2 protein chains.
Amino acid sequence: MARRNDHSPDELRRLALDAARRLVAEEGLRGLTVRRVAERIGYAPGTLYNLFANLDELVLRLNAETLDRMAEALAAAAACPPMERAAALVEAYFDRIEAEPFAWGVLFEHRLPAGTALPDWYGARLDRLIGIAVAALEPLMTAWPVLERRRAIVAMWAGLHGISTLAVGSKLALVGPGDPRALGRLLVSRVIAAGPP
Amino acid sequence: MARRNDHSPDELRRLALDAARRLVAEEGLRGLTVRRVAERIGYAPGTLYNLFANLDELVLRLNAETLDRMAEALAAAAACPPMERAAALVEAYFDRIEAEPFAWGVLFEHRLPAGTALPDWYGARLDRLIGIAVAALEPLMTAWPVLERRRAIVAMWAGLHGISTLAVGSKLALVGPGDPRALGRLLVSRVIAAGPP
DNA sequence: GCAGAGTTTTGAACGGCGTTCAATATGTGC
DNA sequence: GCACATATTGAACGCCGTTCAAAACTCTGC
């Protein structure tokens, strides 16, 4: 069989990624298998290997789209008056995660085999995200020297990831009071206000 | 076959966890399988199911020990003059992670099947860890109201986890300058110094 | 219409996985 | 020695990711 002509390769990739996203939303990374994706889109497992090098690449593509969605949410939130901007970004960040907690979890749960590096197109997504945060927050950090601002923003960024990761894995509730959003607000507002050491 | 009497059940669990830790150190979570652990300790795969309910429990036990080691490292670092304590804790934290980066990664990479809660004995480990940080740092946070201190410490704690997770998965280098330790120091020192919003 | 070339799709096959469980080998107490 | 209890085994099951020769399809040139 070949060229069923139902779908172009790009359409097939779209179908596969949508099916994968749905599987992840339902059961997390453990529920995402090549065979199940294939079944959901009505093709044989082998077909997926024409579209992606292997399951790892499919997961990376899925994660890239998750990052893109976050980037759009943050960019939209950044378009507000400077005074409210930091708070708006934090809210948008957690809104996005709560909309798709499993997909966000996969971002950290998935690791490439030892020795395999993340592809460039994936790194570009991370860059874009941090770039949005830097552009939005830098002007607010009047207490910081210009050259230190990016570093501080990366620290906040990583800090938010930590909070959200622990929250998604329900390892945060065990440890203390306060919802993740409050912790995120705390972290970001304190670092912005504090100024350098 | 039965009662080979080479090892008591507790000794067997010890052997299995040691083998598991070595496998993780070599290849990460992907390299940790029931069959390989069994092979390394010279028993059949089925035997491991007398010692652990399943592979998930084995991983949780391994993670619990990883948390215990971190707790000991932090407790040791906290026994220093208050002025140096925050910095000492951050250094000890990253020292520990660098000693076993793969094992630390497994802490976040591993998720239980959807719907399964973390067991109590695991939560106790998390509690002990955060308790050590709270006891060590609370006295330093003179700018914070007493009731807010724990919340702020949890936020820092989660923030450090974010930094270390991104660093271990090499998703941090892609995004900005500065080594993880510097970001950790920045986060902790700024929150401690800042005082509440 | 048709033949052949060129692709896409298939599905069986492979080795490995977690997990179960009847059968078995080894102890212990009599 | 013998029966009881238990720790251990390893084959079996159903799943997994991945490969690849064969098959099914489309397209081209006639």
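Everything numeric here is computed off the predicted structure, so don't read it as measured data. By convention in this document, chain letters (A, B, ...) are assigned in the order of the sequence lines, proteins followed by strands, and residues within each chain are numbered from 1.
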**Student:** Under 3.5 Å, which donor-acceptor pairs do the side chains of residues 102-118 of chain B form with other protein atoms, sequence neighbours left out?
**Tutor:**
residue : atom : partner : partner atom : Å
W104(B) : NE1  : S164(B) : OG           : 3.2
H110(B) : NE2  : D56(B)  : OD1          : 3.3
T116(B) : OG1  : P113(B) : O            : 3.1

**Student:** What is the minimum heavy-atom distance between W144(B) and V191(B), and which atoms define it?
**Tutor:** NE1-O, 3.0 Å
**Student:** In this structure, are over 12 heavy atoms from other groups packed under 6.0 Å from E98(A) atom CD?
**Tutor:** yes
**Student:** Below 4.0 angstrom, N of the basic side chain to O of the carboxylate: do R13(A) and D10(A) qualify?
**Tutor:** yes
**Student:** Can you check the E39(B) CD to dG18(C) P distance for me, whole Å?
**Tutor:** 12 Å
**Student:** Just how far, in rounded Å, is P of dG17(D) from CZ of R30(B)?
**Tutor:** 11 Å
**Student:** For the pair made of CD in E11(A) and P in dT8(C), what is the distance, rounded to whole Å?
**Tutor:** 14 Å
**Student:** Might you list the N or O atoms of the protein lying below 3.5 Å from N or O atoms in nucleotides 13-16 of chain D, with each pair's distance?
**Tutor:**
residue : atom : partner : partner atom : Å
dC16(D) : OP1  : T33(A)  : OG1          : 3.3

**Student:** Between D56(B) (CG) and dG18(C) (C1'), how many Å, whole number?
**Tutor:** 10 Å
**Student:** Apply the test salt bridge (charged side-chain N to carboxylate O under 4.0 Å, His left out) to residues E26(B) and R40(B): give CA-CA distance (whole Å), side-chain angles for both, the deciding distance (0.1 Å), then the verdict.
**Tutor:** CA-CA 13 Å; E26(B) 292 161 18; R40(B) 289 219 178 177; 2.9 Å; yes
**Student:** Compile the donor-acceptor pairs under 3.5 Å between side chains in residues 83-91 of chain A and protein atoms, sequence neighbours left out, one pair per line.
**Tutor:**
residue : atom : partner : partner atom : Å
R85(A)  : NE   : A78(A)  : O            : 3.1
R85(A)  : NE   : C80(A)  : O            : 3.3
R85(A)  : NH1  : A136(A) : O            : 3.0
R85(A)  : NH2  : C80(A)  : O            : 3.3
E91(A)  : OE1  : R181(A) : NE           : 3.0
E91(A)  : OE1  : R181(A) : NH2          : 3.2
E91(A)  : OE2  : R185(A) : NH1          : 2.4

**Student:** Taking only side-chain nitrogens and oxygens of T47(B), does any of them come within less than 4.0 Å of OP1 or OP2 of dT8(D)?
**Tutor:** no
**Student:** Kindly point out which of dT19(C), dT18(D), dT8(C) is positioned nearest to the side chain of N50(A)?
**Tutor:** dT8(C)
**Student:** What integer distance in Å separates L12(B):CG from dA7(D):C1'?
**Tutor:** 10 Å
**Student:** Which of the following nucleotides, dT8(D), dT18(D), dT19(C), is nearest to the side chain of Y49(B)?
**Tutor:** dT19(C)
**Student:** For the pair made of CG in L48(B) and P in dG18(C), what is the distance, rounded to whole Å?
**Tutor:** 10 Å
**Student:** Output the rounded distance in Å from CG (N54(B)) to P (dC21(C)).
**Tutor:** 14 Å
**Student:** Looking at E72(A) and R96(A), does any basic side-chain N land under 4.0 Å from a carboxylate oxygen?
**Tutor:** no
**Student:** Whole-Å distance between dG27(C) C1' and D6(B) CG?
**Tutor:** 12 Å
